[in-house]
Amino acid sequence: MAKLKNLEDYREEIEQCVKCGACRAHCPVFGAERREGRVARGKVALSKAVLDGEIGLEEKVIEDLSQCLLCGSCCAGCPNKVPTEEIVAAARRKIAEQRGLSSFGKGVAAILGRPKLMNTLAKTGGALSSLLFKKLPEHSGLRLRFPAPYLESGRTLPPLTARPFRERCPERIEGKEGMPTVAFFTGCGINYMYPEIGEAFLRALKFLGVTVIIPGDQACCGLPAVSAGAGEVVEQLAEQNLAALTREPVDYVLTACASCNAGIGKIYADLGGDYEQLAAKTRDIFVFLVEMGLPEKLAELPSRGVKTRVTYHDPCHLRTRGITKEPRAILKSLPQVEFVEMEDAATCCGLGGTYSVYHYENSKRIGAKKAGRIEESGAELVATDCPGCIMQLQDAVNHAGGKQRAVHILELLNEVLPEE
């Protein structure tokens with residue numbers, strides 16, 4: 001089994017941090033708290049001190065290292081491109097090895113490492129959703145009726161589906177001769193919370209005549225386990241997904257989730273070997289659709305008289321991989337959309353995997369800034385390319401008292417594709 005890097009493997013990158021403080025202007029957590037231990041250079045300094053044996057893994061160190069969204073904003077603004085998010089993730093794995101996982105981290109590891117258990121829990125939650133949640137108006141999500149572990153009261157959540165997406169469709173959908181064959185890595189968000197995004201994904205590829213394979217035994221990409229420090233679970237999931245996604249020959253592996261794209265495209269690439277080859281085949285759905293000429297095909301559709309004003313939020317896991325133009329290209333091509341760019345579209349929404357569970361108050365503060373930008377844009381909808389961001393954005397808008405709805409771009413695309 002391939003192994004993730006340990007903290008010592010990042011010593012050279014750690015030494016590249018010159019403590020200039022450029023990261024202060026880019027770190028969402030520092031923006032929320034204005035404390036040195038929260039900013040990238042502070043976390044890098046802590047990691048170096050741990051490596052050099054100057055400090056131990058005491059509670060204060062663990063707390064500061066937990067205060068990171070792993071969004072990569074600091075690296076993007078760093079003159080030396082120090083990968084703080086990778087260093088912090090490695091430090092969390094070291095903490096887990098020496099101190100054990102947190103109680104929530106143990107829960108994450110137990111569920112993600114047992115896909116059948118995860119499936120059962122999700123389906124049970126979906127079946128009981130009317131008892132556990134109350135519906136918010138205008139399709140704005142659900143709120144818990146009763147307190148629950150690790151979930152704050154008043155938090156907006158999407159409904160769990162009693163019938164996961166991968167159980168709704170065949171494993172192979174034939175396309176036209178001469179067109180590419182792709183594997184669809186659905187991720188957990190689409191499979192368990194947003195199956196309508198998966199259905200819109202399939203409709204778009206059917207429109208183009210692409211053959212789609214949906215491996216039933218694929219698992220979580222592992223990003224929540226990376227955030228929790230559960231390295232062995234990440235490695236286990238990577239091995240399972242490698243087998244599932246390479247069982248049949250495909251031209252590409254497509255994702256409709258920014259986190260999944262980073263999980264396979266970045267985390268797996270660092271594992272080397274066959275994982276690196278899998279990462280090289282991985283494409284975000286909108287990169288693929290632009291390559292296939294979809295914007296030109298959409299331009300041939302009749303324009304709509306009344307258009308919906310839509311803005312776009314850049315998911316961190318796409319932005320840091322240079323994927324920013326393609327989602328906008330699709331949005332701008334939709335005949336029912338009036339696209340408007342909001343200020344700070346590329347700033348983090350505040351989700352950060354398990355961060356929003358451990359540090360929900362900070363997560364809300366960061367989300368509130370994004371909700372303000374959405375309001376200022378005058379948009380009715382905020383579209384994005386990540387189920388996790390959709391959940392966080394809707395929660396932020398609801399707390400701000402806004403009327404906007406967070407959607408996936410594929411849902412808007414689905415509205416205008418011709419009937420089969």
Side-chain angles (χ1 to χ4, degrees), residues 1-14 43-44 46-51 56-59 61-72 75 82-115 117-118 150 185 187-188 218-245 259-276 278-279 282 316-317 320 351-358 388:
M1 183 183 292
K3 292 293 182 183
L4 295 165
K5 293 181 180 179
N6 59 41
L7 189 57
E8 180 63 44
D9 293 329
Y10 286 101
R11 182 176 287 278
E12 184 176 341
E13 288 86 348
I14 289 171
K43 296 183 183 75
V44 173
L46 284 175
S47 299
K48 185 176 188 304
V50 168
L51 269 181
L57 294 174
E58 55 241 26
E59 291 303 320
V61 174
I62 294 173
E63 167 67 15
D64 282 342
L65 289 171
S66 77
Q67 287 277 5
C68 181
L69 289 153
L70 305 183
C71 67
C75 183
V82 177
T84 304
E85 73 278 13
E86 295 179 33
I87 294 167
V88 170
R92 290 180 185 174
R93 292 194 290 273
K94 186 176 182 67
I95 291 167
E97 290 165 6
Q98 295 191 7
R99 298 282 302 269
L101 291 168
S102 66
S103 55
F104 181 71
K106 289 176 182 176
V108 169
I111 293 171
L112 295 188
R114 297 174 176 83
L117 172 62
M118 187 175 184
Y150 305 109
F185 186 77
C188 304
Q218 60 181 279
C220 174
C221 68
L223 257 292
V226 170
S227 182
E232 290 184 1
V233 175
V234 180
E235 293 158 0
Q236 171 195 329
L237 294 171
E239 186 173 44
Q240 181 173 342
N241 285 324
L242 177 67
L245 296 168
S259 296
C260 294
N261 187 271
I264 300 176
K266 178 65 173 69
I267 304 297
Y268 290 16
D270 291 343
L271 294 173
D274 292 340
Y275 296 96
E276 192 171 6
L278 174 63
T282 301
C316 296
H317 285 133
T320 54
L351 181 71
T354 59
Y355 181 87
S356 65
V357 176
Y358 284 120

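We use all heavy atoms of the structure for the numbers below, so side chains are in, but hydrogens, waters and symmetry mates are not. Quick caveat: nothing in here was measured; it's all calculated off a predicted structure.
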Donor-acceptor contact below 3.5 Å, side chain [X] vs main chain [Y]:
| X | Y | value |
| --- | --- | --- |
| Arg92 | Ser66 | yes |
| Thr354 | Val357 | no |
| Asn241 | Ala219 | yes |
| Tyr268 | Cys221 | yes |

When rounded to the nearest 0.5 angstrom, what distance separates [atom1] in [X] from [atom2] in [Y]?
| X | Y | atom1 | atom2 | result |
| --- | --- | --- | --- | --- |
| Ile264 | Ser259 | CD1 | OG | 11.5 Å |
| Leu57 | Lys94 | CG | NZ | 6.5 Å |
| Glu86 | Asp9 | CD | CG | 11.5 Å |
| Leu237 | Leu223 | CG | CG | 10.5 Å |
| Leu278 | Phe185 | CG | CZ | 9.0 Å |
| Glu13 | Lys5 | CD | NZ | 5.5 Å |

The criterion is salt bridge (charged side-chain N to carboxylate O under 4.0 Å, His left out); which residues satisfy it with [X], sequence neighbours excluded?
| X | result |
| --- | --- |
| Glu8 | Arg11 |
| Arg114 | none |
| Glu63 | Arg38 |

Inset, instruction - Check the pair Ile267 / Leu4 against side chain to side chain contact (heavy atoms under 4.5 Å, CB included), numbers first and verdict last. - result: CA-CA 8 Å; Ile267 304 297; Leu4 295 165; 4.0 Å; yes
Legend entry - Salt-bridge contact Lys43-Glu85 (side-chain N to carboxylate O under 4.0 Å): no
Inset, instruction - Please lay out, stage by stage, how Arg93 and Asn6 fare under the test side chain to side chain contact (heavy atoms under 4.5 Å, CB included). - result: CA-CA 8 Å; Arg93 292 194 290 273; Asn6 59 41; over 6 Å; no
Could you tell me which residues satisfy side-chain contact (heavy atoms from CB on, under 4.5 Å) with [X], sequence neighbours excluded, listed by chain and number?
| X | answer |
| --- | --- |
| Lys3 | Glu235 |
| Cys188 | Met118, Tyr192, Cys220 |
| Ala2 | Leu271, Tyr275 |
| Cys71 | Pro28, Leu69, Ser73, Cys316, Cys348 |

How would you list, by chain and number, every residue that makes a side chain to side chain donor-acceptor pair (under 3.5 Å) with [X], sequence neighbours excluded?
| X | value |
| --- | --- |
| Thr282 | none |
| Ser47 | none |
| Gln98 | none |
| Asp270 | Lys266 |

Inset, instruction - Name all residues meeting the ring pair (Phe, Tyr, Trp, His ring centres under 6.0 Å) criterion together with Tyr355; count only those two or more places apart in sequence or in a different chain, and write none if there are none. - result: His359
Legend entry - Identified side chain to side chain contact (heavy atoms under 4.5 Å, CB included) partner of Leu7 from the options Ile87, Val88, Ile95: Ile87
Legend entry - Ala89 to Leu70 - nearest heavy-atom pair and separation: N-CD2, 4.3 Å
